[in-house]
Amino acid sequence: MSEDSTKKRMWQFPWGYRESFIITAGLMIVGFFLEFISKGSIVQLPTWPVNLFLLVFFILYLIATYFLVKGPVMTWLSSVPAAMAGMTVFTFLILLMGFIPQGVPEGFAGKIGLNHIHTSKPYIIVTIFMLTILGYTIIRRLKLKITLKNIAFLLNHIGLFVILTAASIGSSDMLRLKMPVMEGESSNIAFPDEKHKAEMPFSLLLHSFTIEEYAPELIVFDGNSGEPVIPKGSALPKIETGSKGKILDYDFEIISFLPFAVPSEDKYLISEQYGSTHAVLLRVNTSVGIIEDWISCGNFMYQPKYMILNQKHILGMTQPKVKRYVSEVDITGNDNSIQKNVEISVNSPLKFGQWKIYQFSYNDQLGRWSEMSIFEVIRDPWLPVVYTGIFMILFGSIYLLWAGRKVEN
Amino acid sequence: MTWQLYSMYIYIIFPLWITGAILLYFKKSNRNVIPDLFIITGTVLLIAFTVQLWMSLGRPPFRTLAETRLWYGVFLSVIGIILYYRWKYKWMLVYSFAMAMVFLLLNYFKPDTFDQTLMPALQSIWFVPHVIVYILAYAILSGATLIAADGILALWRGNQINQRLKYADNLVYIGFAFLTFGLLFGGLWAKEAWGHYWTWDPKETWALITWMIYLLYIHFRHRHKTSEQLPLWLLIIAMITVLICWFGVNYLAVAGNSVHTYTS
């Protein structure tokens, strides 16, 4: 691969690809061995402020050694072969992660960390090695004069350094808890896991929890197997009062769609009482004649109801899919600061001081009748640092777009 | 019912493209624009179908795999045309159209169920930019892979390929920038939707693998401007990881609870 590595003897400086790959792969193997003898115990990263000290120490160490220690090993540590070896072995570890299910305990694979790679010792060691090379490369480049190319280089490389360090070392400071609140009630209790609970520095009063749904759809099932029969490329007809259409070869007409209905003898009545379901009265033209009857998708309270079209086919309706779910809350901090009537929904969390409050879930057994909203509350003090890295790379990549256009023909 | 119109569009677009490509090969003068017209009309029709699908779905058509394949077909044919006009590479145009046709044919034989719903997590301003930059990146990087395949053949025949690698560099730089945008947009979106920017979801893992391999290519090319075999093969391997990331993840043992499985 490299011209210089073929001419010189192994381990003779300057080190090329062979030495780089042997050293990096060696580090990885040592990591797997350490993982094995420590019986797969997870490395606990230190929390604030020790992690900050560690990070500052690491950066100062890189700067100091860069300027004070001279010699071929230092040159090697900011060379392309070392960087390539670091990246290749790192990619190899993520490839393992891409093929081996993570989090599943499994015999030998588990013992050497293969089922929890991103917290395993080989991963941590290789990442530190890669960060070292990245760090030296950045310092060396900082000495060069300011050109657009160098600025882009620094944005990309420093951005990556910032993301990798802040995301890993900052993960120990991140708090994620689940916080269920009942409608009409107020709570400041959240759960980091199933066994523990914690008091939050704020309380949430849930005014209302609402679910918006898409219209349910008609669906035909095979009379024998019970499997849905859906011709590829076609849509399931939406259920709306007054709509007419065709499903498979059957013409149908929706006479009445009740989004809130309760069964009463052989029909359905409009009712918004707790637990009411969806029902539809429709007319279907089958080979044996016209059938007019109710069907319903049912829910936790009421059985579904189907229409037997003939020996081959049964008509039913799908459960309506959830379009949006929203909690309306008041949030009160320990210092009595308050935000009233704020909406929290998926993709629009609420920021409150250091915390962000996400709409997480609800009682999905009960669906739209759920009186409980589950929030996820997250505190991630290192996030601004990670975002700084992300935006550095975004700007650095804009240069790549421009440079890509410019590469010599 | 737009997916049902799809076959009709295909019956018109494919003959236009194929006739255009054949005419292009026999084209003598640069003034003869008839082949170009055939090809461009085909692409315009494909874009028209995509717009129509978008309008009839009432949501951006980026949710299902078939929808992403459609966009890939659109971008790849547009990129083929751009590459042709820029470098007068007839084979690039023909290859990229052939590849676009393969993906569009997949949709023809395996059409999607037409589904207008969009789950809450996907209802975000990040949805369109995140998917579009990724598919654009894939289409551009496919261009680089086509050049690599051509380069491997040329090497085997004992021809010079350095110029081809420079074209590939061009595409990889641009494609990699879009790949980076896709990855980072995904992170910013995930923070808003799921509370964390990175969760080692299988799709994320594979997106990172893909990104790393193109990163290796860029670093290798930066240092070794004369090496030929390795960068060519890296581009082929990179495309394999792109395909695993795009389609393959769903079939791997790790797929589990990925938030990125697009089946309905």
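In this structure, B/Trp200 contributes its side chain and A/His118 its backbone to no donor-acceptor pair below 3.5 Å.
Of all heavy-atom pairs spanning A/Ser397 and B/Thr180, the tightest one is OG-CG2, 3.4 Å. For the pair B/Arg223 and A/Pro81, the tightest heavy-atom approach, listed with the atom from each and the gap, is NH1-CD, 3.1 Å.
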Check against ring-ring contact (aromatic ring centres under 6.0 Å, His included), B/His222 and A/Phe153: CA-CA 12 Å; B/His222 175 74; A/Phe153 179 96; 7.8 Å; no

Stepwise side chain to side chain contact (heavy atoms under 4.5 Å, CB included) check, B/Leu184 with A/Phe391: CA-CA 9 Å; B/Leu184 297 180; A/Phe391 281 99; over 6 Å; no

From CA spacing to verdict: side chain to side chain contact (heavy atoms under 4.5 Å, CB included), A/Leu394, B/Phe185: CA-CA 9 Å; A/Leu394 280 179; B/Phe185 288 176; 4.1 Å; yes

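No part of A/Ile357 comes within reach of chain B, as not one of its non-hydrogen atoms sits under 4.5 angstrom from that chain. Contacts of A/Ala83 with chain B are absent, with no heavy-atom separation under 4.5 Å from either backbone or side chain. Residue contact with chain B, scored on non-hydrogen atoms closer than 4.5 Å, is absent for A/Ser345. Looking at A/Val386, the atoms closer than 4.5 Å to chain B (heavy atoms on both sides) all sit in the side chain, from C-beta outward. Heavy-atom distances place the side chain of A/Phe90, and not its backbone, under 4.5 Å from chain B. In this structure, chain A has no heavy atom under 4.5 Å from any part of B/Ile125. A/Ile378 touches chain B through its side chain: at least one heavy atom from C-beta onward sits under 4.5 Å away, while N, CA, C and O do not.
Annotation: maximal heavy-atom pairing with chain B below 4.5 Å, among A/Thr88, A/Ile398, A/Leu95, A/Val322, occurs at A/Leu95. Contacts with chain B were tallied for A/Arg176, A/Gln102, A/Arg324; A/Arg176 has the most, counting heavy-atom pairs under 4.5 Å. Among the candidates B/Gly175, B/Ala177, B/Gly187, the residue making the largest number of heavy-atom pairs closer than 4.5 Å to chain A is B/Ala177. Per-residue counts of heavy-atom pairs under 4.5 Å with chain B were compared for A/Ile163, A/Thr91, A/Ile393, A/Val377; the largest is that of A/Thr91.
Rounded to the nearest 0.5 angstrom, A/Ile100 CD1 and B/Thr205 OG1 are separated by 12.0 Å. For the atom pair NZ (A/Lys238) and OG1 (B/Thr117), the distance works out to 10.0 Å, reported to the nearest 0.5 Å. One finds the CE atom of A/Met87 at 9.5 Å from the CD1 atom of B/Ile218 (value rounded to the nearest 0.5 Å). The distance from the OH atom of B/Tyr197 to the CG atom of A/Asp380 is 5.5 Å, given to the nearest 0.5 Å. The CZ atom of B/Phe176 lies 7.0 Å from the CG atom of A/Leu400; values are rounded to the nearest 0.5 Å.
Aromatic ring centroids of B/His196 and A/Tyr358 lie 6.0 Å or more apart. Annotation: A/Phe99 is in aromatic contact with B/Trp206 [ring centroid separation under 6.0 Å].
Near-neighbour residues of residues 207-216 of chain B relative to chain A, defined by a heavy atom under 4.5 Å from a heavy atom of that chain, comprise B/Leu208, B/Ile209, B/Trp211, B/Met212, B/Ile213, B/Leu215, B/Leu216.
Crowding of B/Lys225 atom NZ: a count of heavy atoms from other residues, nucleotides or ligands under 6.0 Å exceeding 12. Within a 6.0 Å sphere centred on OH of A/Tyr387, heavy atoms belonging to other residues, nucleotides or ligands number more than 12.
In this structure, the side chains of B/Phe220 and A/Val80 stay at 4.5 Å or more apart for every pair of heavy atoms. When side chains are defined from C-beta on, B/Met119 does not count as touching A/Lys323, because their heavy atoms never get closer than 4.5 Å. Here the side chains of A/Tyr214 and B/Leu118 are in contact, with some heavy-atom distance below 4.5 Å.
Sorted by first and then second residue, the side-chain hydrogen bond (donor to acceptor under 3.5 Å, both in side chains) pairs with a member in residues 181-192 of chain B read A/Asn347-B/Trp189, A/Lys356-B/Glu192, B/Ser124-B/Trp189; sequence neighbours excluded.
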